[in-house]
Amino acid sequence: MKTTHPDRMRRRLARRALTLPLPLALVLATGLALPAPSGRAAPPALPAGGDSLALERRVKAAFLYKFLGYAEFPAQAFADPAAPLSIAVVGSEEMATELARIASGRTVGGRPILVRSMREQDAVPPVHLLFVAGTDTERAGRVLRAAAAAMLTVTECDGGLRHGSIINFRIVDERVRFDVSLDAAEKKNVKLSSRLLTVANRVQKGGA
């Protein structure tokens with residue numbers, strides 16, 4: 001009988017994490033691994049009704065947490081080897097709370113994670129990840145322009161990439177997916193893992 005090594009099995013399970021919605025995605029999230037491009041199952045659809053918004057928020061929070069593990073920031077982005085990874089959430093205290101809950105007690109690359117909730121009118125300090133909540137495209141553009149020092153920028157509005165966001169969440173067939181702009185990442189000097197790109201809904205480069 002063929003046996004599977006426990007570590008190999010854990011890696012297989014972890015590779016499925018990014019395509020699964022919560023609660024199962026949260027169970028696997030701590031592995032910080034991405035699925036292989038072939039043979040991945042589509043995430044189940046979001047439920048109808050009020051529960052869909054809460055589930056969508058939880059799924060996106062899990063994605064945001066895992067994005068950190070697949071982004072390489074320049075060395076000067078950290079004051080010292082023990083400096084935390086900083087996240088700012090603009091426009092959604094609920095998302096900031098959920099993300100802080102997921103990140104609590106966990107580290108990425110040996111660094112703790114600091115999450116702060118901010119309003120649009122607040123001056124966003126230099127952070128490693130900025131999430132601009134909401135579907136107002138013009139508002140997202142204003143926040144991104146004002147937060148020029150933010151590195152990995154993530155939005156959830158139509159046309160988010162056109163306003164300079166690196167990653168933009170989309171709902172495709174009632175599932176949470178995301179598009180990526182490699183040009184925006186290059187401008188921010190953020191390197192994204194090829195494993196992240198393989199599970200993106202769309203990867204944009206050169207204005208395509």
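- Taken together through direct or relayed side-chain contacts under 4.5 Å among Ile, Leu, Val, Met, Phe, Trp and Tyr, V143 and V127 form part of one hydrophobic cluster.
- Considering every non-hydrogen atom in both R111 and A83, the closest pair reads NH1-O, 2.8 Å.
- Using modelled atom types, no side-chain atom of Q204 and backbone atom of V180 make a donor-acceptor pair closer than 3.5 Å.
- Between S165 and A184, the shortest heavy-atom contact is O-CB, 3.7 Å.
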* To do: Mind running side chain to side chain contact (heavy atoms under 4.5 Å, CB included) on I171 and V176 for me, showing each step along the way?
  => CA-CA 5 Å; I171 303 300; V176 177; 3.8 Å; yes
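- Between L182 and L197 the shortest side-chain heavy-atom distance falls below 4.5 Å.
- Residues V89 and I166 fall within the same hydrophobic cluster, defined by Ile, Leu, Val, Met, Phe, Trp and Tyr side chains chained together at heavy-atom separations under 4.5 Å.
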* Could you go step by step and tell me if I167 and F63 meet the side chain to side chain contact (heavy atoms under 4.5 Å, CB included) rule? -> CA-CA 11 Å; I167 298 176; F63 276 133; over 6 Å; no
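- When hydrophobic clusters are built by joining Ile, Leu, Val, Met, Phe, Trp and Tyr residues whose side-chain heavy atoms come closer than 4.5 Å, directly or via intermediates, V199 is grouped together with V190.
- Closest heavy-atom contact between S117 and E93: OG-CG, 3.4 Å.
- At distances below 3.5 Å, at least one donor-acceptor pair connects side-chain atoms of D136 with backbone N or O atoms of E138.
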* **Test log, rule side chain to side chain contact (heavy atoms under 4.5 Å, CB included), inputs R139 and V90** => CA-CA 11 Å; R139 172 178 168 273; V90 175; 4.1 Å; yes
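- Residue-environment remark: CZ (R162) stays at or below the threshold of 12 foreign heavy atoms within 6.0 Å.
- Contact annotation: the side chain of P125 approaches that of M118 to within less than 4.5 Å [non-hydrogen atoms, C-beta and beyond].
- Between atom CZ of residue R106 and atom CG of residue L68 there is a gap of 12.5 Å, rounded to the nearest 0.5 Å.
- Summarising the geometry, atom CD1 belonging to I87 is positioned 10.0 Å from atom NE2 belonging to H128; distances are rounded to the nearest 0.5 Å.
- Counting only distance, with no hydrogens or angles, the side chain of R116 and the backbone of A88 share no donor-acceptor pair below 3.5 Å.
- Side chain of R170 to main chain of D158: no donor-acceptor pair is present (N/O by atom type, distance under 3.5 Å, no hydrogens or angles).
- Contact of the L144 side chain with the L130 side chain is registered, since non-hydrogen atoms from C-beta on lie closer than 4.5 Å.
- Between the S104 side chain and the A100 main chain, no donor and acceptor come within less than 3.5 Å of each other.
- From F169, atom CZ reaches atom CD of E56 across 9.0 Å, with rounding to the nearest 0.5 Å.
- Contact detail for G160 and N168: the closest heavy-atom pair is CA-OD1, 3.7 Å.
- Listed for the R145 side chain is no donor-acceptor partner under 3.5 Å among the backbone atoms of H163.
- Residues V115 and V59 fall within the same hydrophobic cluster, defined by Ile, Leu, Val, Met, Phe, Trp and Tyr side chains chained together at heavy-atom separations under 4.5 Å.
- Annotation: the span from I102 atom CD1 to I113 atom CD1 amounts to 10.0 Å, rounded to 0.5 Å.
- In this structure, the side chain of T155 does not engage the main chain of C157 through any donor-acceptor pair within 3.5 Å.
- A continuous path of ILVMFWY side-chain contacts below 4.5 Å connects V108 to F131, so both sit in one hydrophobic cluster.
- Side-chain contact check for P74 versus M151: some heavy-atom pair is nearer than 4.5 Å.
- Residues L152 and L192 have side chains in contact (heavy-atom distance under 4.5 Å, counting atoms from C-beta outward).
- A donor-acceptor pair under 3.5 Å is formed between the side chain of R175 and the backbone N or O of D173.
- Separating the OH atom in Y65 from the CG atom in L99 is a distance of 10.0 Å, to the nearest 0.5 Å.
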* Dump the intermediate steps for side chain to side chain contact (heavy atoms under 4.5 Å, CB included) on E186 and K205, then the final yes or no. => CA-CA 10 Å; E186 185 176 348; K205 183 171 178 58; 3.9 Å; yes
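- The closest donor-acceptor contact from the side chain of K188 to the backbone of A148 lies under 3.5 Å.
- Atom OG of residue S52 and atom CZ of residue R57 lie 10.5 Å apart, to the nearest 0.5 angstrom.
- Side-chain contact check for K60 versus F178: every heavy-atom pair is 4.5 Å or farther apart.
- At least one side-chain heavy atom of L85 sits under 4.5 Å from a side-chain heavy atom of F73.
- Considering every non-hydrogen atom in both G164 and T153, the closest pair reads O-OG1, 3.6 Å.
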